[in-house]
Amino acid sequence: MSKRGYHHGNLRQALVEATLSLIEEKGPQGFTLSEAAKAVDVTPAAVYRHFSGREELIAEVARQGYEIFTALMDFAYDNGKPSALAAFEATGRAYLAFARKYPGHYQAMFESGIPITSNPDLAMIAARATAVLEEAARALSANIPPEKRPPPAMFAAHIWAMSHGVVELFTRGNPGARSPFAAEDLLEAGIGIYLRGLGLLPQDR
């Protein structure tokens, strides 16, 4: 992209795209603001017209990632159809699919060290993503007696942590190098064990 892109008002998004490429190549901590500026053929000073610094630039990449992530999770959940169980399991698969298809966004969101609370827009969209999974957990656990029912936020956090662990151990970096099982199979089995423990699946499933 030439410098004229800045004058046409495209620099902000051009920097985001350049940062995505740098994150995928070097990791979220492996590049400088000057490298991002050089990638779009502007001076570092021009970057400060749009971002206060490198952290805010990565936060914008993360925010856009959460926008995509939330849309994918919402689509997978599909208002709980065709069943609460199927919709819940679909959200787990959507997590894996997102990590594979959008590695730069994923790293900005979960591996950059940028606090979600540091940016109001980022915090808002991240909360929307969490809300989709919590709604899926709430619907699935509705028939559990109240005294045995985990809070939806805890239920959702457990599944999120399990999904994240599968991604980090068996999907990111060199997929398949550490496990003879597909990531989807590992996650499905893990979710199944968890749900059986809550009495939401028969023991023979």
Side-chain angles (χ1 to χ4, degrees), residues 9-24 27-29 31 33 36 40 46-81 84 87-142 149-168 171-172 187 191:
N10 297 325
L11 179 58
R12 182 179 176 85
Q13 189 58 33
L15 285 164
V16 169
E17 297 296 329
T19 299
L20 273 170
S21 296
L22 288 166
I23 289 173
E24 291 178 22
Q29 304 299 335
F31 70 96
L33 194 66
V40 294
V47 179
Y48 289 102
R49 294 177 180 269
H50 297 274
F51 298 100
S52 62
R54 182 177 170 280
E55 183 170 303
E56 188 177 31
L57 176 54
I58 295 176
E60 175 59 17
V61 175
R63 187 198 67 77
Q64 293 187 19
Y66 269 109
E67 288 276 6
I68 299 167
F69 181 62
T70 301
L72 286 175
M73 294 287 280
D74 196 43
F75 180 82
Y77 180 56
D78 193 23
N79 293 313
K81 295 181 289 187
F88 185 81
E89 291 176 332
T91 61
R93 291 192 295 272
Y95 193 105
L96 298 186
F98 173 81
R100 283 196 179 105
K101 189 171 182 179
Y102 301 96
H105 288 104
Y106 178 90
Q107 290 179 72
M109 292 158 62
F110 301 120
E111 299 177 3
S112 67
I114 302 296
I116 289 177
T117 54
S118 68
N119 184 299
D121 291 336
L122 176 58
M124 182 174 65
I125 189 59
R128 281 174 50 197
T130 303
V132 174
L133 191 53
E134 287 185 10
E135 175 55 31
R138 184 180 294 107
L140 186 57
S141 61
R149 184 190 309 156
M154 179 183 288
F155 192 159
H158 286 161
I159 299 303
W160 191 310
M162 191 183 305
S163 302
H164 190 76
V166 169
V167 167
E168 288 298 315
T171 303
R172 296 263 301 114
L187 182 58
I191 290 176

Please tell me if the side chains of [X] and [Y] come closer than 4.5 Å, counting only heavy atoms from C-beta onward.
X	Y	result
Y95	L133	no
F69	Y106	no
Q107	Q29	no
H50	E60	no
Y66	M124	no
R128	M73	no

Measure the spacing between CZ of F88 and CD1 of I191 and express it to the nearest 0.5 Å. 6.0 Å

To the nearest 0.5 Å, what is the distance between CG on D74 and CD on E135? 10.5 Å

Do you see a donor-acceptor pair shorter than 3.5 Å between the side chains of Q64 and E17? no

Is there a donor-acceptor contact under 3.5 Å linking the side chains of Y48 and E56? no

Exactly one of L11, T19, V16, L33 should register a side-chain contact (heavy atoms from CB on, under 4.5 Å) with F51. Which one does? V16

Check: F31 main-chain N/O paired with R54 side-chain donor or acceptor under 3.5 Å: yes

Ignoring hydrogens and geometry, is there a side-chain-to-backbone donor-acceptor pair from R138 to P152 under 3.5 Å? no

Residue pair [X] / [Y]: nearest heavy atoms and the distance that separates them:
X	Y	answer
P115	L122	O-CD2, 4.3 Å
A62	A108	CB-O, 3.7 Å
V61	G104	CG1-O, 4.4 Å
I58	I114	CG2-CG1, 3.8 Å
A156	A137	N-CB, 4.1 Å
S163	G92	OG-CA, 4.3 Å

Any idea how F98 and H105 line up, ring-wise: parallel (<30°), tilted (30 to 60°), or perpendicular (>60°)? tilted

For L187 and M162: C-alpha separation, side-chain torsions, deciding distance, then whether side-chain contact (heavy atoms from CB on, under 4.5 Å) applies. CA-CA 7 Å; L187 182 58; M162 191 183 305; 4.1 Å; yes

Between R149 and F155, is NZ or CZ placed under 6.0 angstrom from the six-membered ring centre and within 45° of the ring axis? no

